[in-house]
Peer 1: 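Below are the structure tokens for one structure; questions will follow.
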Protein chains: 2
Amino acid sequence: MRRLAQELDTGPASLYVYVRNTAELHAAVLDELLGEVDLGSIRGGGDWRQQLVRVLSSYTAVLFEHPGLARSALVARPSGPRYLELLEALLALLAQGGVPDGRAAWGVDALLQFATATAAEQATRDAAPDAQDEIDALVAAVRGSCAQTHPRLAALGDELFSGTGQDRLAWGFHVLINGILQTARPGATDR
Amino acid sequence: MRRLAQELDTGPASLYVYVRNTAELHAAVLDELLGEVDLGSIRGGGDWRQQLVRVLSSYTAVLFEHPGLARSALVARPSGPRYLELLEALLALLAQGGVPDGRAAWGVDALLQFATATAAEQATRDAAPDAQDEIDALVAAVRGSCAQTHPRLAALGDELFSGTGQDRLAWGFHVLINGILQTARPGATDR
DNA sequence: ACCTGAACACCGTTCAAGT
DNA sequence: ACCTGAACACCGTTCAAGT
């Protein structure tokens with residue numbers, strides 16, 4: 001708020017004429033930024049799964065550039081035209097893949113949550129090198145764990161921290177898509 | 001920091017003797033709290049899937065009580081004994097389900113991230129009623145969306161916001177578990 | 001060596017007062 | 001009606017100075 005106000009050569013109080021609080025500001029800014037997600041070029045090729053992963057990766061990339069936004073997007077979703085467009089595109093692709101309607105509704109939420117959380121996690125770590133300390137501590141703890149008491153941990157070891165962020169993100173999307181295809185919602189029909 | 005210092009009848013500076021920053025403090029507190037996740041009672045019945053969902057739900061419940069912790073757990077993971085115990089238990093259950101080692105390593109991460117993100121999201125919304133405004137705005141925007149330009153959105157409508165938090169969480173766990181079972185990691189063997 | 005008072009450099013939000 | 005200066009009530013972190 002204060003930084004934006006300064007940029008606009010005014011006091012922070014003036015912003016509250018246009019916006020109710022920081023969450024609302026973040027949601028509005030994110031919706032604007034979502035213009036960078038090119039939904040048109042999605043039809044560039046590949047099946048619906050690949051197209052889905054492409055849109056979601058593009059969404060993640062936008063958030064990745066703005067760690068603070070990613071963190072608040074987890075709690076305060078935008079509701080502007082770009083976000084609606086994104087939802088529509090994702091729902092269309094899921095329908096194309098034969099996912100039942102109700103399940104697709106919950107599915108987009110899971111997919112976007114995964115994308116947002118991953119962006120918040122990685123972007124924050126990149127921006128604040130201090131945050132890297134915590135996972136370094138975890139790596140050390142796993143390496144130092146006793147094979148007697150923690151056999152699985154000892155067996156897997158560094159495997160837990162392997163792979164690039166890109167690869168893990170794409171794998172996660174595919175896990176979710178496959179899972180959504182195979183998992184009925186609780187209750188009878190799952191229309 | 002300041003609140004904890006006050007509780008301890010000292011100044012905030014004193015805490016920096018024991019802890020490097022807030023992230024480290026949060027990670028340590030969360031590890032302590034993880035003692036409430038009863039890994040023993042997991043063997044209470046059901047197959048490995050149900051047991052997995054039970055542990056993860058218990059983990060989510062702990063975070064749910066502490067919104068602030070949940071938010072920072074997304075970025076700064078604990079590395080204490082309770083967290084290692086939790087990882088070990090989850091890995092053991094995945095192995096029992098026949099998930100290949102390397103895939104299980106990435107899988108626990110996805111499962112815990114989903115649990116943590118869901119807790120951060122819902123707990124924050126519950127704690128700060130202001131945050132509810134944003135999803136209210138989204139509900140209104142979806143309802144007001146035009147069926148011509150956004151056919152899927154119009155068709156699904158309130159379905160997007162249906163279900164209890166509990167049901168969506170459990171469904172998400174099952175989606176991930178099923179997805180993990182069916183999705184190989186990039187690269188050749190996926191040992 | 002271990003601890004801490006006081007200060008530094010920030011936040012978001014409110015509200016009375018101005019134009 | 002629209003805008004805003006100034007204040008309120010907070011933060012995390014540092015560091016010189018104390019015991």
Side-chain angles (χ1 to χ4, degrees), chain A residues 1-33 63 65-80 116 120-138, chain B residues 1-33 63 65-80 116 120-138:
Chain A
M1 286 293 188
R2 292 183 107 96
R3 233 170 323 144
L4 174 61
Q6 196 167 16
E7 209 86 25
L8 263 39
D9 270 314
T10 180
S14 307
L15 303 178
Y16 287 82
V17 177
Y18 308 98
V19 111
R20 207 156 24 172
N21 50 42
T22 348
E24 202 174 294
L25 174 66
H26 280 158
V29 171
L30 177 53
D31 195 76
E32 208 59 41
L33 249 26
L63 283 184
E65 299 297 315
H66 307 271
L69 275 190
R71 264 183 321 253
S72 66
L74 210 59
V75 151
R77 317 224 165 171
S79 57
T116 310
E121 192 176 341
Q122 289 188 30
T124 305
R125 278 210 262 268
D126 287 10
D130 260 22
Q132 188 62 32
D133 295 352
E134 263 64 47
I135 86 124
D136 289 348
L138 181 55
Chain B
M1 285 294 189
R2 292 182 109 97
R3 234 170 322 144
L4 174 61
Q6 196 167 14
E7 210 85 24
L8 265 36
D9 270 313
T10 182
S14 307
L15 302 178
Y16 288 80
V17 177
Y18 307 97
V19 111
R20 210 157 21 175
N21 50 43
T22 347
E24 204 175 292
L25 174 65
H26 281 159
V29 171
L30 177 54
D31 195 76
E32 208 58 42
L33 249 27
L63 283 184
E65 299 297 314
H66 307 271
L69 275 189
R71 263 181 324 248
S72 67
L74 210 59
V75 151
R77 316 225 165 172
S79 58
T116 309
E121 192 174 341
Q122 290 189 29
T124 305
R125 277 210 263 267
D126 287 11
D130 260 22
Q132 188 61 32
D133 295 352
E134 262 65 47
I135 86 125
D136 290 347
L138 180 55

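Order of the sequence lines fixes the chain letters, A, B, ..., with proteins taken first and strands second; residue numbering starts at 1 for each chain.
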Peer 1: For DNA chain C, what are the stems built from at least three Watson-Crick or G-U pairs in a row, each pair having both distances below 3.5 Å?
Peer 2: C:4-8 with D:12-16, C:12-16 with D:4-8
Peer 1: Taking only residues two or more places apart in sequence, or in another chain, which ones meet A:His26 in a side-chain hydrogen bond (donor to acceptor under 3.5 Å, both in side chains)?
Peer 2: A:Ser72
Peer 1: Could you work out, with side chain to side chain contact (heavy atoms under 4.5 Å, CB included) as the rule, every residue matching B:Asp130, not counting sequence neighbours?
Peer 2: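 So B:Asp130 forms a side chain to side chain contact (heavy atoms under 4.5 Å, CB included) with A:Asn21, B:Asp133.
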Peer 1: Start at the 5' end of DNA chain C and walk down; is the nucleotide closest to B:Arg2 or to B:Asp130 reached first?
Peer 2: B:Arg2
Peer 1: Determine the Euclidean distance between corresponding P atoms of D:dC10 and C:dA9; express it in Å to zero decimal places.
Peer 2: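 22 Å, rounded to whole Å.
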Peer 1: Considering residues at least two apart in sequence or located in another chain, which fulfil the salt bridge (charged side-chain N to carboxylate O under 4.0 Å, His left out) criterion with B:Glu134?
Peer 2: none
Peer 1: Just to verify, what does B:Glu24 make a side-chain hydrogen bond (donor to acceptor under 3.5 Å, both in side chains) with, not counting sequence neighbours?
Peer 2: B:Arg20
Peer 1: What range of DNA chain D does chain A touch, first nucleotide to last, counting atoms under 4.0 Å from its heavy atoms?
Peer 2: D:dC3 to D:dA7
Peer 1: Per the salt bridge (charged side-chain N to carboxylate O under 4.0 Å, His left out) rule, what does the pair list look like for residues 1-15 of chain B, sequence neighbours excluded?
Peer 2: none
Peer 1: Holding to side chain to side chain contact (heavy atoms under 4.5 Å, CB included), I want the full list of residues that pass it with B:Glu65, two or more places apart in sequence or in another chain.
Peer 2: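 Checked B:Glu65 against side chain to side chain contact (heavy atoms under 4.5 Å, CB included); zero matches.
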Peer 1: Please list, chain by chain and in numerical order, all residues satisfying side chain to side chain contact (heavy atoms under 4.5 Å, CB included) with B:Ala13, sequence neighbours excluded.
Peer 2: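 With neighbours one apart ignored, the set is empty.
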Peer 1: Check each residue of residues 16-23 of chain B for a non-hydrogen atom within less than 4.0 Å of any atom in DNA chain C, then write out the ones that pass by number, or none.
Peer 2: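 The stretch gives B:Val17, B:Tyr18 as the residues lying under 4.0 Å from the strand, ordered by number.
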Peer 1: According to side chain to side chain contact (heavy atoms under 4.5 Å, CB included), who are the partners of A:Ala123, at least two apart in sequence or on a separate chain?
Peer 2: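 Listed in chain order: A:Phe64, A:Pro67.
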Peer 1: Do B:Arg77 side-chain atoms and B:Ala27 backbone N/O form a donor-acceptor pair below 3.5 Å?
Peer 2: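 Not at all, since once roles are kept as given, no pair shorter than 3.5 Å links the two residues.
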Peer 1: Restricting to salt bridge (charged side-chain N to carboxylate O under 4.0 Å, His left out), what partner residues turn up for A:Arg71, sequence neighbours left out?
Peer 2: none
